[in-house]
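Take a look at the structure set out below.
Per chain, numbering begins at 1; letters A, B, ... match sequence-line order. What's counted below: heavy atoms across the whole structure, side chains too, no hydrogens, waters or symmetry copies. Bear in mind the structure is a predicted one, so any value in this text is a computation, not a measurement.
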Number of protein chains: 2
Amino acid sequence: MPGRKTTSTFTRNEQCIINCNLTYAVHILSGRWKLLILDKLKQRQMRFSELKKEFSYISERMLTLQLQAMEEDGLLKRTVYPEVPPRVEYELTEMAIELTPILDHLSQWAEKNRKK
Amino acid sequence: MPGRKTTSTFTRNEQCIINCNLTYAVHILSGRWKLLILDKLKQRQMRFSELKKEFSYISERMLTLQLQAMEEDGLLKRTVYPEVPPRVEYELTEMAIELTPILDHLSQWAEKNRKK
DNA sequence: TGTGCTACTATAAAATTTGTAAGTAATGCC
DNA sequence: GGCATTACTTACAAATTTTATAGTAGCACA
């Protein structure tokens, strides 16, 4: 009897999350590999192939998707060098650098409290 | 997590995440409604029906799932009163209370840096 | 007898995320 | 021409998360 919904509750509800600063923050960090990438780039900027080698268990597609999302959200700066073969460097933005001490606290919290 | 193929890449990769304290922390906070629930319970303990009323846009099932996961991860304490109709109260654990200042920082970070 | 209440369960469908495999452009080198 | 390289892209499939809908127990109350 009921027809197909023309609007997705999933998408509508996403707005609730994006409107709140806290849920927004966790939202843009929630991709499966984003924090590991962030942590790696804390040390130095790296090119795509270096990250790929570092995280050999992450599929190339996923690496691309996560990097794109992070760039879109202002966490990473992407620099393309017009060479052949291409070279692309990724580095943290100021915004991401400001985030790192908070993530350190989170990490400490988890270490102290998580169930073994 | 019943009926999960433990040999899948998805599951194998999940171990990488759970092994790291930081990714673990974000992992247990990543459910769609967990942070909103956490934020609400910061004020006072609440019963299921109160949360349900507060978050009218969250399906009852989702509310249950998120609460169960948070209890499982040690973020919430669940108290059942043997009455009819049943009464169940949810409140933050010490672990969750320790988390709140970190989440405040995260929220401030997002407010300052997010793209408008 | 029947209805209402609360805090869930059960089942299925919708939507998204993640993974696999293959292909692309542009150039240099043989 | 054929091959190699890099940073992707595309098509497809698998797995998970989220939403929708209905149903349950146990007792009070009419």
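- Rounded to whole Å, atom C1' of D:dC8 lies 8 Å from atom CD of A:Q68.
- Going from atom NZ of B:K52 over to atom C1' of D:dT19 covers 16 Å, rounded to whole Å.
- Looking at heavy-atom distances under 4.0 Å, A:Y90 makes contact with sugar-phosphate atoms alone, never a base.
- A:T64 comes within contact range of at least one nucleobase, with a heavy-atom separation under 4.0 Å.
- The terminal axes of the helix from C:dT1-D:dA30 to C:dC30-D:dG1, fitted over 5 pairs per end, subtend an angle of 30° to the nearest 10°.
- Counting atom types as modelled, B:R61 pairs a side-chain N or O with a base atom of D:dT19 as donor and acceptor under 3.5 Å.
- Regarding A:I17, its CD1 atom lies at a distance of 16 Å from the P atom of C:dA15, rounded to whole Å.
- At the heavy-atom level, B:E89 lies nowhere under 4.0 Å from the strands shown.
- D:dC8 atom P lies 11 Å from atom CG of A:L65, rounded to whole Å.
- Checking the phosphate oxygens (OP1, OP2) of C:dA14, no side-chain nitrogen or oxygen of A:T9 falls inside 4.0 Å.
- For the pair B:E83 CD and C:dC5 P, the computed distance is 17 Å after rounding to whole Å.
- The CE atom of A:M62 sits 14 Å away from the C1' atom of D:dC8 (whole-angstrom rounding).
- Pairs of residues two or more places apart, or lying in two chains, that qualify as salt bridge (Lys or Arg N to Asp or Glu O under 4.0 Å) and include a residue from residues 18-39 of chain B are B:D39-B:K42.
- B:N13 has no side-chain polar atom (N or O) that falls below the 4.0 Å cut-off from OP1 or OP2 of C:dT18.
- In this structure, A:M46 atom CE and D:dA7 atom P are separated by 11 Å, rounded to whole Å.
- For the pair A:E60 and A:T11, both in contact range of DNA chain C, the more 5′-proximal nearest nucleotide belongs to A:T11.
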